[in-house]
Number of protein chains: 2
Amino acid sequence: MYYGAMTETLDIQAPDAVASAPLHSLLGDLITTAHRLTRLAAHETNRTESPATWRTLSVLQAHGPMRLGELARQSRVTQPTMTKIVRGLDELNWIKRIADSDDARASLIASMPRGEAALAEWRETLGTALVPFFDGLTDDEQDTLRRAVDILRDRADLRSSAPSAGAAK
Amino acid sequence: MYYGAMTETLDIQAPDAVASAPLHSLLGDLITTAHRLTRLAAHETNRTESPATWRTLSVLQAHGPMRLGELARQSRVTQPTMTKIVRGLDELNWIKRIADSDDARASLIASMPRGEAALAEWRETLGTALVPFFDGLTDDEQDTLRRAVDILRDRADLRSSAPSAGAAK
DNA sequence: CCATAATACATAGCCAAGCTATGTATTATC
DNA sequence: GATAATACATAGCTTGGCTATGTATTATGG
């Protein structure tokens, strides 16, 4: 646990680090900001139903039905965690499990109409709650955000990126 | 709980909604993506120390010492939650409490050097873990992200924005 | 073709981080 | 100086993470 002497940028690093230093720093800010936004949303809508629910439904809606394990990987949570979330969604009848005829161990998780409806409703609520915070946005700024979201969504998706640490093992 | 018929955009809304519809939709995507990014970060770094810790330290670093209540508001959590987080940080000696001579009920929360060091270290780890995901970014894309983060950070900050639902009461 | 390994999910049990409701000390107010 | 308001702490609950492990199914090697 080192400390002391951290004025701005770090100078001594591996070669190639010079070029990626701003990216490094950007990523730190990005994640911190992302977390604050998530809190902002939860706080302002103060719904009890949990962010994880919406995140999961969003993934399902974006990518269509998939197996529980795949859903876990896409959501960057472990399989047991996803089992729990899916059980909750199942009890609400927001998703259904479609048996896989080829593999009796697995089933496809598919969102149900009322799950999609609930998600849409939540997004509405969210929009209404957050609009005040983004009130004076110029068209240009709004455009920047739109493009940023598209970039990030793409990068956060599984297929493109390295699986890495947590997922494996 | 309504369901059925949600093909893309909603048409019937209050006046003025037409103009803000894309913003609504943008915000939905934004929050979902933000949450996925937070998970991505947690998953890839698989540190145990919890996002809330870093978020709190970041707020402290950005705005300087402040009272616990203020810190809670900035972080968009309730006061008891912040009490818990601060206790944890205190035990680690990552923050200290500075008694307020004018008001014996309150004290200022200030980050300690080793707290700042830990935060910096985490940001390093984070950068290293996430760089692979953002590998082929063009300069233009990186610039877009930078600008987006700046906009969002500003909007998520307290002073500018409406306090609203959760905080009040 | 059967035994073993690998896979897909479920279960159990733990902890962190949210929340509401309530308590306790201090400060402000009439 | 009593009452109200404020700032934080405590208690107790829920959710959403995690690891470790169990159970059923499928794949594989001799």
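Remember, predicted model here, so these are calculated numbers, not experimental data. Both backbone and side-chain heavy atoms feed into the values below; hydrogens, waters and symmetry mates do not. A, B, ... follow the sequence lines: proteins, then strands. Residue 1 opens every chain.
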Round to the nearest Å and state the distance from A/W54 atom CH2 to D/dT15 atom C1'. 14 Å
Tell me whether A/L137 shares a hydrophobic cluster with A/L126, the cluster being built from Ile, Leu, Val, Met, Phe, Trp, Tyr side chains joined at under 4.5 Å. yes
Is there a side-chain contact between B/R73 and the phosphate of D/dA7, meaning an N or O under 4.0 Å from OP1 or OP2? no
If you measure from the Lys or Arg side-chain nitrogens to the Asp or Glu carboxylate oxygens, is any gap between A/R123 and B/D29 under 4.0 Å? yes
Does the side chain of A/H43 get closer than 4.0 angstrom to OP1 or OP2 of C/dC19 through an N or O atom? yes
Here the distance between atom C1' of D/dG17 and atom CZ of B/R36, to the nearest Å, is 17 Å
Taking only the side-chain heavy atoms of B/T78 (C-beta and beyond), determine which of D/dG17, C/dC19, D/dT26 contains the nearest atom. C/dC19
Comparing B/R55 and B/D100 on DNA chain C - which has the more 5′ nearest nucleotide: B/R55
Can you identify which nucleotide, out of D/dG16, C/dG18, D/dA7, has its nearest atom closest to the A/T53 side chain? D/dG16
Cluster question for you: counting only ILVMFWY and a side-chain heavy-atom cut-off of under 4.5 Å, with indirect links fine, are B/M112 and B/M66 together? no
Every protein N/O lying under 3.5 Å from an N/O of nucleotides 9-11 of chain C:
from   : atom 1 : to    : atom 2 : distance (Å)
C/dC9  : OP2    : A/G69 : N      : 3.0
C/dA10 : OP1    : A/R97 : NH1    : 2.9
C/dA10 : OP2    : A/T83 : OG1    : 3.0
C/dA10 : N7     : A/Q79 : NE2    : 2.6
C/dA10 : N6     : A/Q79 : OE1    : 3.2
C/dT11 : OP2    : A/R87 : NH1    : 3.3

State whether B/R76 places a side-chain N or O below 4.0 Å from either non-bridging phosphate oxygen (OP1 or OP2) of C/dC19. no
Residues joined to A/L108 in its hydrophobic cluster, side chain to side chain under 4.5 Å directly or through other members, sorted by chain and number, are A/I98
Which sits closer to the 5' end of DNA chain D, A/V77 or A/D102, going by the nucleotide each is nearest to? A/V77
Among B/V86, B/I85, B/L71, B/T56, exactly one meets side-chain contact (heavy atoms from CB on, under 4.5 Å) together with B/I95. Which residue is that? B/V86
What integer distance in Å separates A/L57:CG from D/dG16:P? 12 Å
Spell out, yes or no, whether A/L68 and A/L92 are grouped together once hydrophobic residues are joined by side-chain heavy atoms under 4.5 Å, including indirect joins. yes
